[in-house]
Amino acid sequence: MSYPPNTLETLIAKQDIQDVLARYARGVDRADADLLLSCYHADAIEEHGNTYQGPAHAYVDGAVERMAKMTHPMAHYVCNSHFEFEEDGCVAFVETYVLTFARFDSKEGEPFDTLTGGRLFDKFEKRDGVWKIAHRKMTLDWNRDQPKSETWCLGVFDPDSPDLHMGCRGTGDLTYSRF
């Protein structure tokens, strides 16, 4: 397969799409429905493994409701992406590697840390000059679960200190404040 050289248009499109991917990760970790909805076209489809298949906006509504009830932190990291543009320049197929760190309670109530590697397969469409997800499929590649074990860098950081900012869901997180 040959890959055409980048043009100014494809470089701008790639940056716009990367911005959507970063906004999605931020929106998930903060349980921010408005931010998540801004990533999808109104008629977008979400295929989230065996947990959901259907309209993306309905997926966001349900996911935000579930995430807001979670007591433990979560972090999504967007890694490398591969882009393929259709000739018209308004459709892009994007494969993005992601890492997800999350903490869940076991059936016995004990906290477990989970690290999952996967990929997002997105069909992005540029409509009215704006790139958003039109269809997303997710695949999981690997997972590691282990009992919670944190020492905050062997005691370097004190999570009880009022001077340490701890991440949280919602607008109380540092990302929503300004200096």
Side-chain angles (χ1 to χ4, degrees), residues 14-49 51-81 94 96-106 109-120 122 124-136 138 140 143 145 148-153 155-179:
K14 287 178 181 181
Q15 185 59 56
D16 288 346
I17 290 168
Q18 285 293 130
D19 289 349
V20 171
L21 294 167
R23 205 165 58 236
Y24 177 85
R26 181 180 177 208
V28 169
D29 294 340
R30 303 285 71 82
D32 186 327
D34 291 336
L35 199 56
L36 285 168
L37 292 172
S38 75
C39 299
Y40 293 95
H41 287 294
D43 61 347
I45 301 296
E46 173 79 21
E47 296 183 48
H48 208 82
T51 62
Y52 182 86
Q53 294 187 10
H57 282 214
Y59 167 74
V60 168
D61 293 340
V64 167
E65 185 178 314
R66 285 187 307 279
M67 288 183 294
K69 294 176 184 174
M70 293 174 66
T71 58
H72 301 297
M74 181 181 299
H76 289 72
Y77 296 93
V78 177
C79 302
N80 51 303
S81 296
V94 182
T96 303
Y97 285 77
V98 293
L99 294 173
T100 302
F101 294 88
R103 180 168 291 159
F104 297 100
D105 289 329
S106 69
E110 296 297 318
F112 267 72
D113 291 332
T114 182
L115 169 59
T116 304
R119 288 169 287 143
L120 303 173
D122 292 319
F124 275 84
E125 292 181 357
K126 184 179 181 181
R127 301 180 191 170
D128 299 322
V130 178
W131 286 99
K132 291 186 180 185
I133 301 165
H135 195 145
R136 167 169 280 175
M138 179 189 72
L140 299 177
N143 171 261
D145 295 328
K148 172 189 158 191
S149 173
E150 60 189 26
T151 62
W152 292 102
C153 300
V156 171
F157 295 104
D158 177 5
D160 296 323
S161 170
D163 297 327
L164 183 66
H165 297 283
M166 297 295 290
C168 64
R169 286 186 187 75
T171 57
D173 189 79
L174 190 60
T175 193
Y176 294 99
S177 67
R178 297 295 182 256
F179 293 90

d(M74 CE, M67 CE) to nearest 0.5 Å is 6.5 Å

For A25 and V78 the tightest heavy-atom approach is CB-CG2, 3.9 Å

By ring pair (Phe, Tyr, Trp, His ring centres under 6.0 Å), F101 pairs with (sequence neighbours left out) Y77

Any side-chain heavy-atom pair of T114 and N143 under 4.5 Å: yes

All heavy atoms of A31 vs all of A68, minimum pair found to be CB-N, 4.4 Å

dist Y40:OH -> H57:NE2 (nearest 0.5 Å) comes out at 8.5 Å

If we only count heavy atoms from C-beta on, is the L115 to T100 side-chain gap below 4.5 Å?
no

So CZ of F157 and CG of D163: to nearest 0.5 Å the spacing works out to 12.5 Å

Rounding to 0.5 Å, atoms CG (L120) and NE2 (H76) come to a distance of 8.5 Å

Problem - CA sep, side-chain torsions, deciding dist, call: R119, Y97, side-chain contact (heavy atoms from CB on, under 4.5 Å) - result: CA-CA 4 Å; R119 288 169 287 143; Y97 285 77; 3.5 Å; yes

Item checked: Backbone N/O of K69 and side chain of R169: donor-acceptor pair under 3.5 Å -> no

Distance col, row I17:CD1 vs W131:CH2, nearest 0.5 angstrom, shows 4.5 Å

Hits for side chain to side chain donor-acceptor pair (under 3.5 Å) against H135, two or more places apart or cross-chain, chain-then-number order -> E47

Residues pairing under salt bridge (Lys or Arg N to Asp or Glu O under 4.0 Å) where one sits in residues 17-38, two or more places apart or in two chains, turn out to be R30-D173

For Y52, the ring pair (Phe, Tyr, Trp, His ring centres under 6.0 Å) test, sequence neighbours excluded, returns Y59

Exercise. Dump the intermediate steps for side chain to side chain donor-acceptor pair (under 3.5 Å) on D122 and T96, then the final yes or no.
Key: CA-CA 8 Å; D122 292 319; T96 303; 4.9 Å; no

Salt bridge flag under 4.0 Å for residues K148 and D113 = no

Fill in: Heavy-atom side-chain proximity of H48 to Q53 below 4.5 angstrom
no

TODO: Report the C-alpha separation of F112 and F104 in whole Å, then their side-chain angles, then the decisive distance to 0.1 Å, and conclude whether the side-chain contact (heavy atoms from CB on, under 4.5 Å) test is met.
DONE: CA-CA 5 Å; F112 267 72; F104 297 100; 5.6 Å; no

Next item on the list: Step by step, work out the side-chain contact (heavy atoms from CB on, under 4.5 Å) result for S81 and L21.
Entry: CA-CA 10 Å; S81 296; L21 294 167; 3.7 Å; yes

Closest non-hydrogen contact found for R103 with P111 is CD-CB, 3.9 Å

When rounded to the nearest 0.5 Å, the distance separating CH2 of W152 from CE of M166 is 3.5 Å

Taken in chain and number order and not counting sequence neighbours, the residues that satisfy side-chain contact (heavy atoms from CB on, under 4.5 Å) with D158 are D160, S161

Any carboxylate oxygen within less than 4.0 angstrom of a Lys/Arg side-chain nitrogen, looking at D43 and R127? yes

**OP:** Evaluate the side-chain contact (heavy atoms from CB on, under 4.5 Å) criterion for residues D105 and E110: first the C-alpha distance (whole Å), next the side-chain angles of each, then the deciding distance (0.1 Å), finally the verdict.
**Re:** CA-CA 5 Å; D105 289 329; E110 296 297 318; over 6 Å; no

Contacts of D61 meeting salt bridge (Lys or Arg N to Asp or Glu O under 4.0 Å) (sequence neighbours excluded), chain-then-number -> none

